[in-house]
Structures are given as structure tokens and as C-alpha cells.
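As C-alpha cells, the structure follows; a few thoughts come after it.
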Amino acid sequence: MISLTKTSNKYLLNFHEKEILLNFCELLKFRNRIESIHIDAHFYNDHSGIEIVTLCNRQHILILETTDIVVIKKKLQQLFTPLETEIVS
């Protein structure tokens, strides 16, 4: 299971039972790294379908399968896209 939640002033990434606490700058760097992955390349025969991503100055290493990347991209989009009610207020 993958989840991404905001705590008081940090962000908690729960990646298959591994919890990683990120500050906002680390979260932005992680988002940029995930967004730079070309998901369509994972479906070609010469691609392994695996991406290796490091976090927090290489303190954490994530080995991502194609489905993990899709889920993380969706979670990041939800986190950075304000809700309609927040825009109206």
C-alpha cells in the first residue's frame, strides 16, 4: 500500500510499510523525479519496468514497479491539486 499524507509541517510517505518523513523541499524534489519518469517507456520490450529512486540525500532507496509509479503520480497530483472547496473559499 502506498499513501502520502501531510502531518503538521512534514509529509509522510508510506511505501509498502516503509515510512519516510519528507519536508516540503524533499517532497518537491521527489515529485520532480517521479514526474520525469516516462511511464509509456515501461511498456516497451527493452525496459525492465523498474525505476530506482533515492530520497533525502540517498538515505532511502525506493525500487518502483510500473504500478507503484502510477499510484505515486496520482497521490502527488491529489496532494498538489487544491480541492474545489478550497478554491471557492
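We number each residue from 1, following the sequence as shown.
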State yes or no: do [X] and [Y] share one hydrophobic cluster built from I, L, V, M, F, W and Y residues joined by side-chain heavy-atom distances below 4.5 Å, directly or via other members?
X     : Y     : result
Ile63 : Phe30 : no
Val53 : Ile50 : no
Ile2  : Leu79 : yes

Exercise. Would you indicate whether Asn32, at its atom CG, is surrounded by more than 12 heavy atoms from other residues, nucleotides or ligands within a distance under 6.0 Å?
Key: yes
Quiz item: Got more than 12 heavy atoms from elsewhere within 6.0 Å of CD, Glu35?
Solution: yes
Can you find a heavy atom in the side chain of [X] that is under 4.5 Å from one in the side chain of [Y]?
X     : Y     : value
Leu55 : Leu13 : yes
Val71 : Lys74 : no
Leu62 : Ile52 : no
Leu27 : Phe80 : yes
Leu4  : Asn14 : no
Leu64 : Phe15 : yes

Quiz item: If you round to the nearest 0.5 Å, how far is CZ of Phe24 from NZ of Lys6?
Solution: 9.5 Å
Practice problem: Given side chain to side chain contact (heavy atoms under 4.5 Å, CB included), test Thr66 with Ile39 step by step and report yes or no. | Solution: CA-CA 7 Å; Thr66 305; Ile39 198 72; 3.7 Å; yes
Self-check item: Non-neighbouring partners of Glu51 that pass side chain to side chain donor-acceptor pair (under 3.5 Å), sequence neighbours left out
Solution: His42, His47
Exercise. Determine which pairs satisfy side-chain hydrogen bond (donor to acceptor under 3.5 Å, both in side chains) with at least one residue from residues 15-25, sequence neighbours left out, and list them in order.
Key: His16-Asp68
Quiz prompt | Donor-acceptor under 3.5 Å (Ser36 side chain, Arg33 main chain) | solution = yes
Quiz item: Is there a donor-acceptor contact under 3.5 Å from the side chain of Lys73 to the main chain of Ile37?
Solution: yes
Quiz item: Taking all non-hydrogen atoms of both residues, which atom of Cys56 and which atom of Leu21 are closest, and how far apart?
Solution: SG-O, 4.2 Å
Qualifying residues under side-chain contact (heavy atoms from CB on, under 4.5 Å), relative to [X], sequence neighbours excluded:
X     : answer
Lys29 : none
Thr54 : Arg58, Ile61
Thr5  : Leu12

